[in-house]
Amino acid sequence: MAARVPVSRLALLGAPGSGKGTMAHKIRLHFGITSVASGELLRDHIYRRTEIGHRARSYIVAGRLVPDDFITHLVMRELQQRGDDGWVLDGFPRTLPQAHALECERVRLDAVLCLDVPADTIRQRLSSRWIHARSGRVYNTHFNPPRNAGRDDVTGEPLVQRLDDRPDAVVARLREYRERTQPLVTHFASRGLLHTFAGTETNKVWPEIHAFISSHVRSLG
Ligand code: G5P
Ligand code: MG
């Protein structure tokens with residue numbers, strides 16, 4: 001049973017494959033704080049073949065970030081629907097204009113958790129990631145394999161690889177991260193919000209994040 005916590009507004013920052021989605025899942029299980037994952041929102045639109053999905057698809061396939069105003073609008077709409085509850089932002093903001101847009105809208109962040117994982121580890125993880133397209137459930141043939149190979153644990157439906165986990169798209173995503181997202185590290189550090197967690201194994205980093213959130217949430221009192 002997940003422990004309920006007072007309002008908490010967190011953002012996860014980190015390269016593709018650094019484990020943002022995996023950590024967001026653990027945070028929900030342990031603290032009951034649900035996530036708003038910008039990539040998941042876009043993939044859901046692509047799956048449902050909406051106009052938004054149609055616009056986003058070519059950027060995602062190429063491993064490029066979608067335009068700032070486009071994703072900001074989508075995430076802000078989702079946050080408004082959540083009301084005053086806490087949340088974990090997974091994958092947003094990831095450019096300076098996106099961070100400024102949050103500030104302009106007076107959306108308060110309590111802390112930014114930055115996952116620092118080496119590029120070699122990331123490439124290995126992404127080449128063995130499989131997802132259930134309809135729900136977004138994530139598996140990894142080494143780390144958290146499905147109970148039946150190639151099948152979703154809940155529905156039994158076939159798993160697929162993400163459009164942007166091909167090696168050339170991964171190279172492009174890592175470049176976008178270096179050039180457009182890493183400046184946020186300095187930005188959030190200067191605001192006293194940045195907390196970095198380094199490591200190559202999620203299960204070894206998790207206890208540090210768990211301890212941080214436990215003490216941080218209490219201190220919000
Ligand atoms: P996303 O969806 O935000 P990325 O590229 O930021 O995508 P990604 O790939 O979803 O991030 P992650 O969530 O950080 O990675 O990592 P994860 O899925 O939890 O873990 C990766 C794999 O490693 C999984 O298979 C997991 O099981 C496994 N794993 C975890 N821990 C371990 C471990 O300890 N050991 C091992 N062996 N495996 C492990 O964005 C996608 C696209 O959407 C657009 C862009 O086009 C973007 O490229 N987009 C935006 N564009 C502009 N602005 C934004 N804010 C945007 N947000 C999304
Ligand atoms: Mg993710």
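For reference, positions follow the sequence shown, starting with 1. Atoms within each ligand, like the ligands themselves, are counted from 1 in listed order.
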Exercise: do T95 and D68 side chains pair donor with acceptor under 3.5 Å:
yes
Note: with side-chain heavy atoms under 4.5 Å as the link, the other cluster members for V170 come out as V117, I122, L126, L174
Each residue besides L159 in its hydrophobic cluster should be listed here, by chain and number; the cluster joins Ile, Leu, Val, Met, Phe, Trp and Tyr at side-chain heavy-atom distances under 4.5 Å.
W130, Y139
Every pair of nitrogen or oxygen atoms between ligand 1 and the protein that is under 3.5 angstrom apart - can you list them with their distances to 0.1 Å?
residue	atom	partner	partner atom	Å
ligand 1	2 (O)	R43	NH1	2.8
ligand 1	2 (O)	R43	NH2	3.0
ligand 1	2 (O)	R162	NH2	3.4
ligand 1	3 (O)	R94	NH1	3.0
ligand 1	3 (O)	R94	NH2	3.4
ligand 1	5 (O)	R173	NE	3.4
ligand 1	5 (O)	R173	NH2	2.7
ligand 1	6 (O)	K20	NZ	2.9
ligand 1	6 (O)	R94	NH1	3.0
ligand 1	6 (O)	R94	NH2	3.4
ligand 1	7 (O)	R162	NH2	3.1
ligand 1	9 (O)	R129	NH1	3.1
ligand 1	9 (O)	R129	NH2	2.7
ligand 1	9 (O)	R162	NH2	3.2
ligand 1	9 (O)	R173	NH2	2.6
ligand 1	10 (O)	R129	NH1	3.4
ligand 1	10 (O)	R162	NH1	2.9
ligand 1	11 (O)	K20	NZ	3.0
ligand 1	13 (O)	G21	N	2.9
ligand 1	14 (O)	S18	N	3.3
ligand 1	14 (O)	G19	N	3.0
ligand 1	14 (O)	K20	N	2.9
ligand 1	14 (O)	K20	NZ	2.9
ligand 1	15 (O)	G17	N	2.8
ligand 1	15 (O)	R129	NH1	3.4
ligand 1	16 (O)	G19	N	3.2
ligand 1	18 (O)	R129	NH1	2.8
ligand 1	19 (O)	G21	N	3.4
ligand 1	19 (O)	T22	N	2.8
ligand 1	19 (O)	T22	OG1	2.5
ligand 1	25 (O)	Y139	O	3.0
ligand 1	25 (O)	N140	ND2	3.2
ligand 1	27 (O)	N144	OD1	3.0
ligand 1	31 (N)	T202	OG1	2.6
ligand 1	34 (O)	T202	N	2.8
ligand 1	40 (O)	R94	NH2	2.9
ligand 1	46 (O)	R64	O	2.6
ligand 1	51 (N)	V66	N	3.1
ligand 1	53 (N)	Q98	NE2	2.8
ligand 1	55 (N)	G91	O	2.8
ligand 1	55 (N)	Q98	OE1	2.9
ligand 1	57 (N)	S38	OG	2.7

Hits for side chain to side chain contact (heavy atoms under 4.5 Å, CB included) against T72, two or more places apart or cross-chain, chain-then-number order -> M76, F92, Q98, A101
Check: L109 main-chain N/O paired with R9 side-chain donor or acceptor under 3.5 Å:
no
Answer yes if the side chains of R82 and T34 hold a donor-acceptor pair under 3.5 Å, and no otherwise.
yes
